[in-house]
Undergrad: 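Here it is, the structure in full.
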Amino acid sequence: MTEPRGAGRYSQTITPEEVISEALGVYDPSGRSRLDDASADLVSAARAALPAGDLSLIAPAIERVSRPVDPAALGPAERDALVDDIYLLRAAAIDPEKTVSLLHAREYLASVHIPEEATELRLDRAVAEEQLSFATIVRDPGRVPPMLRAIESFLRSYRASYIARHGRYWAETAGVHARLLEAEPRAAALARLNSLTELGPPVGEMALEAIGELARESAGCEENDALDEALRESPVCPGCALRLGQAAPAEAAAELLSRLDRALERQMSRLSSVAVRGLLERSDDPRIARFLRIVNASQLSSLVAIMDDQLTNYLRRFLLESRIHEILDPIFERVERGEAAGAQDTDRLREMAALLERALRASQRELPPPAR
């Protein structure tokens, strides 16, 4: 009969010493069994039976069983855990191959994520976990083959469900990826506008970073052909680490694109402000005139189309020159009137130096690549 799992499964009439000594196979109603000696013998037998490469699998159990313990001081859960460790080591000494298989299965089942709505698959896992008992190898070896079949049945069901979800997920994500690629020109335009320090602090930078990251993550997975084989070693795809039940990032993409558009609208608002518009209207460059018309009409798509590196750098220079003229004009007027320089002139020169330094740093920032 399969050994049940869970704390407090033993009769209250059996002492803790008798529970542990029975698990060790040295049950003695008189309580004279030397539990420490039996534990040491069991550890030696398990170490001798397992290949050296598999000893790490039972190392935690060996450590726990090797500790001196007072059975009477253990709570029900601690006692049950110790009994499970003892049966694990006994199973390793009796049938190392099947024990290693069960250890791998236990590790696999523990790392599988199954969403709440997959009720049938969750039930299959519960059945498989109930079968996962090392005590069965010790006490009822004849039940080991059906136990392994129950576990393998779950693993087949899980792999089939995962492969189907993996295909649907990446089919859904392809549309998300396409929308992110379509937004590349808008993202590039915002990055260029953010480099114009005269407009104010950059906006939407976290959204730009997140959009780039999500675009990379949604580009696709190349593990489809070998996925069934890969899932025999790991419960998730080694290429994308998709979890069963994970939804395509459509909502996240929509939120990021909304933040991108809000940031662009913020920069459009800055560009159309009286101060900036007044500066730009001084230029006789036809590109600036067209740029102003687009900004005043709030034509976002048209702005995105004309915001290339050349226009960005021209705007940076023009805005910087205009601001420097505003700073220097009062100084030149005092020079023209023959007045002495004052403290405010020194402050203006410091402000101009800071503007130039900031502009030089901004010009060295890498601009986004041209649109595809």
Side-chain angles (χ1 to χ4, degrees), residues 115 168-221 239-243 245-277 279-280 288 290-316 318-320 358-359 361-372:
R168 291 194 303 272
Y169 174 88
W170 284 110
E172 296 165 6
T173 303
V176 175
H177 186 66
R179 289 195 294 276
L180 293 172
L181 292 183
E182 289 172 0
E184 280 187 348
R186 306 207 303 278
L190 178 60
R192 290 186 171 93
L193 290 171
N194 280 345
S195 73
L196 301 177
T197 56
E198 292 306 309
L199 291 181
V203 294
E205 289 199 313
M206 292 181 65
L208 286 175
E209 183 179 346
I211 286 171
E213 183 177 351
L214 187 56
R216 290 188 294 273
E217 292 176 353
S218 61
C221 180
C240 63
L242 175 73
R243 295 177 69 188
Q246 183 176 330
E251 291 186 9
E255 171 60 22
L256 288 174
L257 294 178
S258 176
R259 288 166 56 188
L260 168 64
D261 289 340
R262 290 198 299 270
L264 276 170
E265 289 168 2
R266 172 66 177 147
Q267 290 292 42
M268 290 276 281
S269 176
R270 288 174 172 179
L271 287 166
S272 62
S273 68
V274 174
V276 176
R277 190 170 66 247
L279 290 176
L280 295 177
I288 298 296
R290 182 188 177 197
F291 178 79
L292 270 176
R293 287 196 300 272
I294 290 172
V295 169
N296 291 335
S298 297
Q299 296 175 341
L300 187 57
S301 59
S302 299
L303 176 68
V304 169
I306 67 169
M307 279 300 297
D308 58 12
D309 290 352
Q310 188 177 12
L311 177 59
T312 303
N313 290 329
Y314 180 83
L315 284 168
R316 179 183 296 111
F318 185 81
L319 292 170
L320 179 63
R358 194 162 60 240
R361 284 201 304 267
S363 66
Q364 292 168 358
R365 292 174 61 181
E366 183 179 356
L367 290 174
R372 298 184 183 184

Undergrad: To the nearest 0.5 Å, what is the distance between CG (L256) and CE (M206)?
TA: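 These two atoms lie 10.0 Å from each other.
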Undergrad: What pairs of residues pass the salt bridge (charged side-chain N to carboxylate O under 4.0 Å, His left out) test when at least one of them lies in residues 206-220, not counting sequence neighbours?
TA: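 Listed once each, the pairs would be none.
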Undergrad: Sequence neighbours left out, cut at 3.5 Å: what donor-acceptor pairs do the side chains of residues 172-183 make with other protein atoms?
TA:
{"from": "T173", "atom 1": "OG1", "to": "Y169", "atom 2": "O", "distance (Å)": "2.7"}
{"from": "H177", "atom 1": "ND1", "to": "A215", "atom 2": "O", "distance (Å)": "3.1"}
{"from": "H177", "atom 1": "ND1", "to": "S218", "atom 2": "OG", "distance (Å)": "3.1"}

Undergrad: Tell me every residue that passes salt bridge (Lys or Arg N to Asp or Glu O under 4.0 Å) with R259, counting only those two or more places apart in sequence or in another chain.
TA: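 With sequence neighbours excluded, R259 shows a salt bridge (Lys or Arg N to Asp or Glu O under 4.0 Å) to no residue whatsoever.
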Undergrad: Among R266, Q267, M307, find the one that has a side chain to side chain contact (heavy atoms under 4.5 Å, CB included) with L190.
TA: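 Among the candidates, only Q267 passes.
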Undergrad: To the nearest 0.5 Å, what is the distance between CD1 on I211 and CD on E255?
TA: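 These two atoms lie 10.0 Å from each other.
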Undergrad: Side chain to side chain contact (heavy atoms under 4.5 Å, CB included) between V203 and L193: does it pass, once the steps are laid out?
TA: CA-CA 9 Å; V203 294; L193 290 171; over 6 Å; no
Undergrad: Do other residues, nucleotides or ligands put more than 12 heavy atoms under 6.0 Å from the CZ atom of R290?
TA: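 No.
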Undergrad: Roughly how far apart are L242 CG and W170 CH2, rounded to 0.5 Å?
TA: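 The CG atom of L242 sits 7.5 Å away from the CH2 atom of W170.
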Undergrad: Which heavy-atom pair separates C240 from C221 by the least distance, and what is that distance?
TA: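 Taking every non-hydrogen atom into account, SG-SG, 3.9 Å.
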Undergrad: Rounded to the nearest 0.5 Å, how far apart are CZ of R192 and CG of L315?
TA: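 Here the rounded value is 12.0 Å.
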Undergrad: Quick one: side chain to side chain contact (heavy atoms under 4.5 Å, CB included) partners of Q310, sequence neighbours excluded?
TA: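 With sequence neighbours excluded, Q310 shows a side chain to side chain contact (heavy atoms under 4.5 Å, CB included) to R287, D308, given in chain and number order.
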Undergrad: For R168, check side-chain hydrogen bond (donor to acceptor under 3.5 Å, both in side chains) against everything at least two apart and list the hits.
TA: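 Listed in chain order: nothing, the list is empty.
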Undergrad: Who passes side chain to side chain contact (heavy atoms under 4.5 Å, CB included) against S302, sequence neighbours left out?
TA: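 Side chain to side chain contact (heavy atoms under 4.5 Å, CB included) list for S302, sorted by chain: I294, Q299.
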Undergrad: Using the side-chain hydrogen bond (donor to acceptor under 3.5 Å, both in side chains) criterion, which residues pair with S269? Sequence neighbours excluded.
TA: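 Applying side-chain hydrogen bond (donor to acceptor under 3.5 Å, both in side chains) to S269 gives none.
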Undergrad: For T312 versus S195, what's the shortest heavy-atom pair and its separation?
TA: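 Answer, listing the atom of T312 first, then S195: CG2-OG, 3.6 Å.
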